[in-house]
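Okay, so here's the structure we're looking at.
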Amino acid sequence: MSERKPFDLKIVLRIYNLTQVLINSYLLYLIIFNWGYGILKSWNHVCNPITETVGFDHQIQLIVLKVMYYYYLNKILDLMDTVFFVLRKKQSHITFLHLFHHTTMILSTWITVVYFREQVGAIFGFLNITVHIFMYSYYLLSSFGPWMQRYLWWKKHLTRMQMLQFILMLAILAKMKMVNCTVSPGFWTLWCFNITSFFILFLQFYIKSYRKKKVE
């Protein structure tokens, strides 16, 4: 793109953002109505990995595993964000945070689905999907221009939601240690590293984008 003019992708972006809202909403629906009862039933339901046993609970677990796989595919679709930045020549948006977050999520989610298969991953997916519904809704609305953007005062709260989800995830991981869950040490270490890194990077972004501007 160095010798090309930026593409006008308004229509494409609207379709993409709407698609993301619909996909994430559908995944949220699948998690809540196929597996959410387990959280209310017992913490042990989410404290154990998906097993090879049979029965009703196992059928639910297989559905959860399928949803987690769909979630993984959606993380690949998220890479289109970077493609659109390149085509629109928005290089300033392609930061270390952006690249690290997207690539790490794809790799870590694949490892989780293929090797660890911890049911608690569905809780992480639930939190992340919820944030993404708000995030892509914001992107969709902001694409309609200044007349709509003036109503989108809640932009900075998206980053706060991101950080809140990381705090909740770390709290869940801490609880799993305290109640001696049978969770894989590899899963626990992988996601402790990821979530801590994400929180630090998003906190730095929030301070740079909003706090410093407020002081100035």
Side-chain angles (χ1 to χ4, degrees), residues 9 11-36 38-39 46 48-52 58-88 93-140 143 158 161-162 165-166 168-169 172-173 183-184 186-195 197-198 201-202:
L9 302 176
I11 301 301
V12 175
L13 285 173
R14 288 173 188 174
I15 295 174
Y16 169 73
N17 290 323
L18 177 60
T19 300
Q20 282 283 25
V21 171
L22 295 176
I23 290 175
N24 281 281
S25 297
Y26 180 63
L27 292 176
L28 187 65
Y29 165 82
L30 291 177
I31 290 177
I32 292 175
F33 289 96
N34 286 294
W35 183 78
I39 300 177
V46 300
N48 300 314
I50 295 173
T51 63
E52 298 298 329
H58 181 59
Q59 293 301 315
I60 296 298
Q61 290 176 15
L62 290 180
I63 294 175
V64 172
L65 186 61
K66 185 180 293 186
V67 174
M68 290 170 66
Y69 178 68
Y70 293 158
Y71 174 77
Y72 159 70
L73 294 179
N74 186 242
K75 295 300 100 181
I76 297 177
L77 181 61
D78 285 348
L79 293 180
M80 289 303 299
D81 291 345
T82 310
V83 175
F84 293 141
F85 285 151
V86 172
L87 294 178
R88 297 166 63 210
H93 291 56
I94 309 177
T95 62
F96 175 78
L97 166 59
H98 176 85
L99 295 175
F100 178 79
H101 179 65
H102 280 281
T103 54
T104 302
M105 281 300 297
I106 289 178
L107 179 60
S108 299
T109 304
W110 179 79
I111 293 174
T112 299
V113 173
V114 174
Y115 293 106
F116 297 136
R117 297 189 175 185
E118 299 290 349
Q119 290 192 72
V120 72
I123 299 181
F124 293 172
F126 168 82
L127 294 171
N128 189 245
I129 288 167
T130 302
V131 172
H132 276 216
I133 291 173
F134 284 98
M135 184 181 74
Y136 283 109
S137 295
Y138 169 82
Y139 292 155
L140 174 62
S143 68
L158 292 174
M161 289 181 65
Q162 290 275 17
Q165 72 163 326
F166 299 141
L168 292 175
M169 290 176 180
I172 292 171
L173 289 171
V183 64
S184 165
F187 174 89
W188 195 88
T189 303
L190 173 66
W191 286 103
C192 274
F193 170 78
N194 286 347
I195 296 167
S197 300
F198 294 158
L201 290 172
F202 274 87

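Just so it is clear, the model here is predicted, and its values are computed rather than measured.
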Report task. Measure the spacing between CG of Leu27 and CD1 of Ile129 and express it to the nearest 0.5 Å. Result -> 4.5 Å

Query raised in the report: Can you name the nearest heavy-atom pair linking Phe126 to Ile31, along with the distance?
Result: N-CD1, 3.9 Å

**Report entry** Parallel, tilted or perpendicular: ring planes of Phe166 versus Phe198, cut at 30 and 60 degrees
**Finding:** tilted

Query raised in the report: How many angstroms lie between CG in Leu9 and CZ in Arg88, if you round to the nearest 0.5 Å?
Result: 7.0 Å

Query raised in the report: Can you tell me how far the CG atom of Leu107 sits from the CG atom of Leu190, to the nearest 0.5 Å?
Result: 7.5 Å

Report task. Could you walk me through whether Glu118 and Trp188 pass the side chain to side chain contact (heavy atoms under 4.5 Å, CB included) test, one step at a time? Result -> CA-CA 10 Å; Glu118 299 290 349; Trp188 195 88; over 6 Å; no

Query - Nearest non-hydrogen partners of Lys75 and Met105, listed with the distance - result: CD-CE, 4.0 Å

Report summary line: When rounded to the nearest 0.5 Å, the distance separating OH of Tyr136 from OG of Ser25 is 12.5 Å

Query raised in the report: Does the pair Phe100 and Phe96 meet the rule for a ring-ring contact (aromatic ring centres under 6.0 Å, His included), with working shown?
Result: CA-CA 6 Å; Phe100 178 79; Phe96 175 78; 5.5 Å; yes

Query raised in the report: Ignoring hydrogens and geometry, is there a side-chain-to-backbone donor-acceptor pair from Gln20 to His132 under 3.5 Å?
Result: no

Query raised in the report: With distance as the sole criterion, is a donor-acceptor pair present between the side chains of Tyr71 and Asn128 under 3.5 Å?
Result: yes

**Report entry** Minimal non-hydrogen separation, Ile133 against Ser137, with atom names
**Finding:** O-OG, 2.6 Å

Query - Tyr138-Asn17 side chain donor-acceptor pair, cut-off 3.5 Å - result: no

Requested in this report: With rounding to the nearest 0.5 Å, note down the distance linking CG in Asp81 to CE in Met135.
Outcome: 6.0 Å

**Report entry** Verdict with supporting geometry, Asn24 and Leu28, side chain to side chain contact (heavy atoms under 4.5 Å, CB included)
**Finding:** CA-CA 6 Å; Asn24 281 281; Leu28 187 65; over 6 Å; no

Query raised in the report: Parallel, tilted or perpendicular for Trp191 and Phe187, by the 30°/60° rule?
Result: tilted

Query raised in the report: Is there a donor-acceptor pair closer than 3.5 Å between any side-chain N or O of Arg14 and the backbone N or O of Ser143?
Result: yes

Requested in this report: Quick one: do Phe124 and Leu173 satisfy side chain to side chain contact (heavy atoms under 4.5 Å, CB included)? Show the steps, please.
Outcome: CA-CA 10 Å; Phe124 293 172; Leu173 289 171; 3.8 Å; yes

Requested in this report: Over all heavy atoms of both residues, which pair between Val120 and Ile172 is shortest? Give the atoms and the distance, please.
Outcome: CG2-CG2, 3.6 Å

Report summary line: Correct closest heavy-atom pair for Thr19 and Ile15 would be OG1-O, 2.7 Å

Query - Side chains of Tyr16 and Leu77 in contact at under 4.5 Å (non-hydrogen atoms) - result: yes

Report summary line: Distance col, row Gln165:CD vs Ile123:CD1, nearest 0.5 angstrom, shows 13.5 Å

**Report entry** Residues, nucleotides or ligands: over 12 heavy atoms within 6.0 Å of Phe134 CZ
**Finding:** no

Report task. Give the C-alpha distance, both sets of side-chain angles, the deciding distance and a yes or no for side chain to side chain contact (heavy atoms under 4.5 Å, CB included) between Met68 and Thr112. Result -> CA-CA 9 Å; Met68 290 170 66; Thr112 299; 3.9 Å; yes

